[in-house]
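Letters go in sequence order (proteins before strands), and every chain restarts at 1.
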Number of protein chains: 2
Amino acid sequence: MAQRRTGHVTMLDIARACGFSVSTVSLVLTEARLSANVAEKTRQKIRAMAQKLGYHPDAYARSLRSRRSGTIGVLAYDLSDPFCIPIVRGIQAGLQSANYLPLLMDAQTERKLFDSYLKMILERRAEGVIVIASWVFEEANLLADIEKNHVPIIIVGRDLTGRRISSVLVDNEAGGALALRHLHQLGHRKIAVIRGPEELFDSEPRWAGVRCAAAETDIQLDPRLVFQLPSLVDPMSGFDGGRQLAGQMLASGRTFTGVVAFDDLTALGVMRGLAEAGVRVPEECSVVGFDDVLPSAVSTPGMTTIRQPLRQMGLQAAAWTLEALEPSEEDGRQVARIQMLPPELVLRNSTGRPRPKIRERRRPTQKTQLQESV
Amino acid sequence: MAQRRTGHVTMLDIARACGFSVSTVSLVLTEARLSANVAEKTRQKIRAMAQKLGYHPDAYARSLRSRRSGTIGVLAYDLSDPFCIPIVRGIQAGLQSANYLPLLMDAQTERKLFDSYLKMILERRAEGVIVIASWVFEEANLLADIEKNHVPIIIVGRDLTGRRISSVLVDNEAGGALALRHLHQLGHRKIAVIRGPEELFDSEPRWAGVRCAAAETDIQLDPRLVFQLPSLVDPMSGFDGGRQLAGQMLASGRTFTGVVAFDDLTALGVMRGLAEAGVRVPEECSVVGFDDVLPSAVSTPGMTTIRQPLRQMGLQAAAWTLEALEPSEEDGRQVARIQMLPPELVLRNSTGRPRPKIRERRRPTQKTQLQESV
DNA sequence: TTCTACTATTCGAACGTTTGAAATGTCAAT
DNA sequence: ATTGACATTTCAAACGTTCGAATAGTAGAA
């Protein structure tokens with residue numbers, strides 16, 4: 001009954017309904033300092049009426065007036081990539097404690113969308129922006145606009161300190177090395193490697209880590225066993241790539257007992273490709289992934305992989321963003337920082353010792369490795 | 001230089017910088033009807049200055065004035081459930097064409113969060129709400145508030161027409177029947193079933209569908225081969241449940257050649273459990289899932305499953321929401337509608353004919369089913 | 001010159017809140 | 001009666017936009 005053209009209940013509605021002014025209503029409902037002066041009876045009346053009418057403050061009006069949106073834009077390049085979710089969770093957790101709300105956007109791997117969402121984040125007056133990205137910003141323009149409007153920005157999953165943007169990411173090189181060393185320790189010497197697509201930032205350092213670890217040991221990486229994923233468009237294309245490359249590996253005629261894949265989806269593709277050719281994992285060939293996303297935890301055999309501390313990365317990004325909002329920070333021209341978090345080997349069942357001379361049935365091999373860290 | 005206390009560039013900044021009034025700037029930048037009157041030279045000057053200063057309109061001020069937020073709240077019960085993402089994608093696609101922005105929130109399976117996000121959606125003046133939920137609303141209060149504020153609400157994944165909320169969901173019963181019939185057609189007669197947790201809406205109708213299809217055929221469902229998942233807290237618990245129940249199935253001593261699992265994660269758990277016991281899928285036992293989420297597309301063997309038209313469901317929800325915003329709709333008191341979309345059998349490699357008498361090696365069996373619809 | 005008819009621009013109020021300053025009412029002390 | 005002190009409530013301006021109404025500027029017609 002008391003509503004205006006828009007369906008929303010406002011303070012004016014409450015004020016009229018119980019005979020006070022909007023100011024008084026505001027004082028009471030926001031529990032401002034001055035509300036201490038308001039008579040207890042009045043306070044109760046107003047609160048009851050707010051409850052009764054189903055009043056909720058208008059965040060727009062409030063933000064406009066208070067010049068704070070309480071919002072941090074979070075722009076993910078592709079929410080369907082299971083990689084993103086734990087990062088988002090970390091961000092959520094980090095912001096929650098400071099009472100900031102993440103404004104979550106999903107660019108769906110479309111740069112056009114990415115740009116338009118970044119614009120929206122700016123329009124919605126997010127006080128900071130966290131970008132979860134694999135590729136670079138197309139429009140340097142927008143980046144400049146972000147600066148012009150003094151909105152702090154942090155990127156997760158890439159090193160953009162070169163552009164003076166603080167970056168949080170995993171130590172890809174260490175991860176690549178971890179993967180290779182793991183296979184080495186198990187006894188593998190002939191190892192195939194699938195490098196990531198060229199346009200992905202992670203590809204190069206992971207490959208560097210693999211090479212570096214190979215050099216440390218007695219492993220010779222056979223160039224004919226080094227493959228490269230074509231550029232990827234969605235999470236499934238990594239899988240398809242891995243599956244096809246597994247076929248090429250076998251067709252190459254070179255012997256190998258282990259595969260280091262660029263990421264988990266690729267590794268799952270490799271497992272599929274090997275299975276289709278009748279090669280058993282891990283008995284005849286070990287496979288290591290990278291990321292530790294949900295699908296590799298629930299595959300059979302469980303995927304041995306290099307875990308990125310995704311949640312941790314999200315927490316760090318949130319913490320830095322909030323820090324950048326502190327007034328103390330505002331004057332001292334802050335520099336772009338970088339944090340590389342250490343990856344972690346997750347042992348599951350896709351890796352094992354290379355094929356023993358006496359060909360056993362598969363059961364015993366699997367049983368020995370049954371303790372999981374899913 | 002021209003910025004005020006808050007770091008954002010405003011129309012006033014532009015107006016001052018090029019000597020016009022805020023009104024003129026507004027006319028030009030919004031390309032309002034009246035901007036036709038503004039001199040071409042003026043328009044260019046203003047646009048150039050806006051560009052130069054990195055101006056972005058303040059969505060808060062704009063929405064306050066125009067009484068439209070251009071926003072639809074989308075509240076997912078758990079974004080880490082791969083089930084949610086395609087729905088969200090569908091919603092995004094449906095809203096995009098109408099220039100509405102989804103305000104995406106992730107309740108992380110926490111009811112407290114769920115409620116507080118619903119409140120925020122209300123405060124941010126979303127013009128409509130789409131809820132992706134498995135469980136019911138805790139606080140009927142909030143639901144009432146939504147009504148009081150005349151915000152249309154639609155739910156995806158549950159039937160809440162009883163509460164006068166329009167609902168979009170898959171036809172679970174048809175899906176359950178589809179799964180059982182598929183196994184029946186392949187020749188299976190001894191089939192184990194894993195029912196979903198009791199508190200999940202989908203559990204009952206899926207089970208009804210299975211029973212119904214069994215009655216249609218000559219299949220006797222052995223009660224000792226019907227299991228029930230404990231209540232689940234996160235996506236992984238379905239997997240763990242399936243894995244354990246697979247063990248129980250085998251321990252029961254009853255013979256079975258096929259398993260209908262409540263959902264994909266459960267089915268993946270079953271596959272793991274069977275593998276750990278040395279039972280091969282699909283040669284010795286077929287497994288059918290439900291949902292068709294990413295992990296079942298990339299498992300080995302690929303999971304045969306009942307696909308929910310998730311994207312479709314999102315699109316439908318978006319369409320209804322937008323429809324409810326039409327002024328024409330506003331007077332005619334709309335009733336709660338329900339749409340049950342048909343599920344679809346996705347054939348992959350986790351199902352096959354029951355074990356033939358002559359025990360073959362696995363390759364041929366797998367090759368015959370190699371055409372996939374990933 | 002005065003009037004009409006434009007064109008180009010600005011005024012000013014409104015959207016729902018917040019909040020320092022001001023107003024009102026009450027009562028006791030001078 | 002006047003003043004001050006205090007408790008309670010309201011005024012009014014501001015946040016950045018939008019947009020109908022008003023104004024200023026120019027020019028052609030009477």
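With values rounded to the nearest 0.5 angstrom, A/Gln51 atom CD is found 11.0 Å from A/Leu29 atom CG. Put simply, CD1 on A/Ile153 and CG on A/Leu143 are 5.5 Å apart, with the number rounded to the nearest 0.5 Å.
Residue contacts for B/Thr30: at a heavy-atom cut-off of 4.0 Å it reaches the sugar-phosphate backbone alone, with no base atom in range. Backbone-only engagement by B/Phe20 is indicated by non-hydrogen atom pairs under 4.0 Å involving sugar-phosphate atoms exclusively.
Ranking C/dT10, D/dT17, C/dT17 by closeness to the B/Tyr55 side chain, first place goes to D/dT17. Closest to the side chain of A/Met11, out of C/dG20, C/dT9, C/dT18, is C/dT18. Listed candidates were D/dT18, D/dC19, D/dT9. Nearest to the side chain of B/Arg65 is D/dT18. Checking C/dT9, C/dT19, D/dT17 against the side-chain heavy atoms of B/Thr24 singles out C/dT9 as nearest. Nearest nucleotide to the side chain of A/Arg67, out of C/dT17, D/dT17, D/dC15: D/dC15. Between C/dG20, D/dT8, C/dA8, one nucleotide has an atom nearer to the side chain of B/Ala39 than all others, and that is C/dA8.
Here B/Glu323 pairs with B/Arg337 in a salt bridge; the nearest charged N to carboxylate O distance falls below 4.0 Å. Between B/Asp106 and A/Arg89 there is a salt bridge, with a side-chain nitrogen of the basic residue lying less than 4.0 Å from a carboxylate oxygen of the acidic one.
Rounded to whole Å, atom P of C/dC11 lies 13 Å from atom CG of B/Leu27. We find that CG of B/Asp58 is positioned 16 Å from P of C/dG16, with the value rounded to whole Å. Distance, A/Arg16 CZ to D/dT10 P: 14 Å, rounded to whole Å. Atom CD of A/Gln44 and atom P of D/dT8 are 14 Å apart (whole Å). Computed from coordinates, the A/Leu122 CG to D/dG16 P distance equals 15 Å when rounded to whole Å. Separating the NZ atom of A/Lys45 from the P atom of D/dT9 is a distance of 9 Å, rounded to the nearest angstrom. The distance between atom NE2 of A/His8 and atom C1' of C/dA14, rounded to the nearest whole Å, is 18 Å. B/Leu29 places its CG atom 13 Å from the P atom of D/dC19, with the value rounded to the nearest Å.
Checking A/Ile155, A/Val88, A/Leu310, A/Leu75 one by one against A/Ile132, the side chain to side chain contact (heavy atoms under 4.5 Å, CB included) holds for a single residue, A/Val88.
Heavy-atom distances to DNA chain C give each of B/Asn37 and B/Leu64 a nearest nucleotide, and the one nearer the 5′ end belongs to B/Asn37. Comparing B/Gly19 and B/Ser66 against DNA chain C, the residue whose closest nucleotide sits nearer the 5' end is B/Gly19.
Judged purely by atom type and a 3.5 angstrom limit, B/Arg164 has no side-chain atom pairing as donor or acceptor with the backbone of B/Thr161.
The shortest distance between the side-chain N/O atoms of B/Ser23 and the OP1/OP2 oxygens of C/dT10 is not below 4.0 Å. Contact between the side-chain N/O atoms of B/Thr10 and the OP1/OP2 oxygens of D/dG16 is not found at any separation under 4.0 Å. Contact between the side-chain N/O atoms of A/Arg68 and the OP1/OP2 oxygens of D/dC15 is not found at any separation under 4.0 Å. In terms of phosphate contacts, A/Arg62 brings no side-chain nitrogen or oxygen within less than 4.0 Å of OP1 or OP2 of D/dC15. For the OP1/OP2 pair of C/dT9 and a distance below 4.0 Å, the side-chain nitrogens and oxygens of B/Thr42 include at least one atom meeting the criterion.
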